[in-house]
Amino acid sequence: MGCGAVFAHQRVLGMQLDFPAPGCVGGLIALFYIASILFIVVVLGSVVAFLKLNIFRMIRHLKEEYLLILGTSTAEPALPGLIRKLEHAGVKKETVGLVVPTGYSFNLDGAAIYLSLAALYIAQATNTDLTIGQQLGLLALMLLTSKGAAGVTGGGFIALTATLTTIGTIPAAGIMLIFGIDRFMSECRAIVNFTGNAVAPLHLLSPRMPGIWSLDPV
């Protein structure tokens with residue numbers, strides 16, 4: 001269905017694709033999932049390892065919240081559980097109350113990855129030539145756009161549409177190329193956002209607890 005949409009919108013956009021349409025949409029989804037997994041395991045995993053903690057143990061400890069995110073495609077319903085478990089793990093209540101809600105608006109790592117990949121995908125699909133400087137500028141703009149993007153389902157897609165319409169470099173009509181697959185990336189986007197916000201308060205543990213994620217579930 002997604003690749004059929006690519007063919008259908010070629011006439012609307014008045015352009016030809018640079019690459020074969022079959023599999024291109026699936027490739028975007030796969031690339032997004034791979035980038036997200038690497039970000040969680042390598043980047044966030046390194047941050048957690050610096051604190052002498054284990055990212056996989058943390059994920060297991062928050063498994064109920066992850067299941068809730070998968071069912072709702074948004075990290076918002078998992079917020080109370082995250083706050084409760086961070087406080088139980090030893091993070092000060094005042095710290096959790098400030099860092100986590102703020103991070104839900106300004107620390108959206110999944111949205112940043114999604115916006116950057118989707119924008120470059122649309123540029124390639126619509127034969128829009130971008131210089132290295134334009135690509136770096138677009139990346140910086142998408143990182144900025146992700147700050148304050150709505151955490152609800154579809155919020156990243158709306159932010160992408162608004163940004164492309166504003167900058168004008170990439171045809172905003174190209175957003176329809178990924179309209180049908182946004183739902184498949186929404187869960188992963190929310191999971192990355194949630195994981196980033198779970199890791200951030202750990203730097204402020206007082207006192208640091210080496211066995212933090214081996215505590216009994218709450």
Side-chain angles (χ1 to χ4, degrees), residues 32-33 35-115 142-160 162 182-218:
F32 176 66
Y33 272 78
S36 299
I37 292 172
L38 288 176
F39 179 81
I40 291 176
V41 175
V42 178
V43 179
L44 296 182
S46 299
V47 172
V48 172
F50 176 76
L51 300 174
K52 299 194 178 357
L53 302 175
N54 188 294
I55 187 71
F56 298 106
R57 184 173 296 175
M58 185 196 81
I59 292 174
R60 285 196 300 271
H61 191 71
L62 297 171
K63 60 181 180 296
E64 291 86 0
E65 285 70 29
Y66 281 112
L67 291 175
L68 186 59
I69 293 172
L70 287 175
T72 60
S73 296
T74 176
E76 301 298 329
L79 177 60
L82 175 61
I83 291 177
R84 184 175 66 254
K85 289 186 177 181
L86 285 173
E87 291 177 355
H88 179 69
V91 185
K92 289 184 178 179
K93 184 176 182 179
E94 297 81 3
T95 300
V96 175
L98 174 64
V99 175
V100 176
T102 303
Y104 260 62
S105 294
F106 298 102
N107 183 32
L108 303 178
D109 301 317
I113 296 172
Y114 166 80
L115 291 172
M142 290 304 173
L143 291 175
L144 181 62
T145 300
S146 69
K147 309 303 178 185
V152 297
T153 303
F157 183 81
I158 295 173
L160 177 62
D182 181 73
R183 181 64 175 78
F184 297 102
M185 296 186 284
S186 181
E187 294 93 344
C188 183
R189 191 165 62 228
I191 286 175
V192 177
N193 291 339
F194 177 80
T195 306
N197 286 303
V199 169
L202 299 183
H203 285 276
L204 303 174
L205 270 175
S206 180
R208 289 186 179 180
M209 301 169 61
I212 177 173
W213 298 118
S214 62
L215 297 175
D216 294 333
V218 294

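- For Thr95 (side chain) and Val91 (main-chain N/O), no donor-acceptor pair under 3.5 Å exists by modelled atom type.
- One distance of note links CG of Asn197 with CG of Asn107; it measures 4.5 Å at 0.5 Å rounding.
- Atom-to-atom distance recorded for Ile113:CD1 and Ile40:CD1 is 8.0 Å, nearest 0.5 angstrom.
- Interatomic distance, NZ of Lys85 versus CG of Leu62, reported as 5.5 Å (0.5 Å rounding).
- Side-chain atoms of Tyr66 and Thr195 include a donor-acceptor pair closer than 3.5 Å.
- Of all heavy-atom pairs between His61 and Glu65, the closest is O-OE1, 4.5 Å.
- Residues Met142 and Leu160 have side chains in contact (heavy-atom distance under 4.5 Å, counting atoms from C-beta outward).
- Smallest separation of non-hydrogen atoms from Val99 and Ala200: CG1-CB, 4.2 Å.
- For the 3.5 Å distance criterion, the side chains of Asn193 and Tyr104 fail to qualify, holding no donor opposite an acceptor.
- Each of Thr74, Leu82, Leu79 was evaluated against Phe194; a single residue qualifies, Leu82, per the side chain to side chain contact (heavy atoms under 4.5 Å, CB included) test.
- Looking at Ser146, its side chain does come within 3.5 Å of a backbone N or O of Leu143 through a donor-acceptor pair.
- Salt bridge absent: Lys92 and Glu87 never bring a charged side-chain N and a carboxylate O closer than 4.0 Å.
- When all heavy atoms are compared, the tightest approach of Phe32 to Met185 is CE2-O, 3.5 Å.
- Within the 4.5 Å cutoff, the side chain of Ile191 has no heavy atoms near those of the Ser36 side chain.
- By the 6.0 Å contact criterion, CZ on Phe56 is open, its count of non-hydrogen atoms from other residues, nucleotides or ligands being 12 or less.
- At least one donor-acceptor pair closer than 3.5 Å links the side chain of Ser186 to the backbone N or O of Ser73.
- Counting heavy atoms from C-beta outward, Val192 and Leu108 have side chains that stay 4.5 Å or more apart.
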Take Leu202 and Leu53 through the side chain to side chain contact (heavy atoms under 4.5 Å, CB included) test and state the conclusion after the steps. CA-CA 9 Å; Leu202 299 183; Leu53 302 175; 3.9 Å; yes

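- Between atom CZ of residue Arg84 and atom CG of residue Leu86 there is a gap of 10.5 Å, rounded to the nearest 0.5 Å.
- Between Phe39 atom CZ and Leu44 atom CG the span is 4.5 Å, to the nearest 0.5 Å.
- Here the closest non-hydrogen pair linking Ala78 and Ile69 is CB-CG1, 4.0 Å.
- Classification of Asp109 and Arg189 as a salt-bridged pair fails, no side-chain N sitting under 4.0 Å from a carboxylate O.
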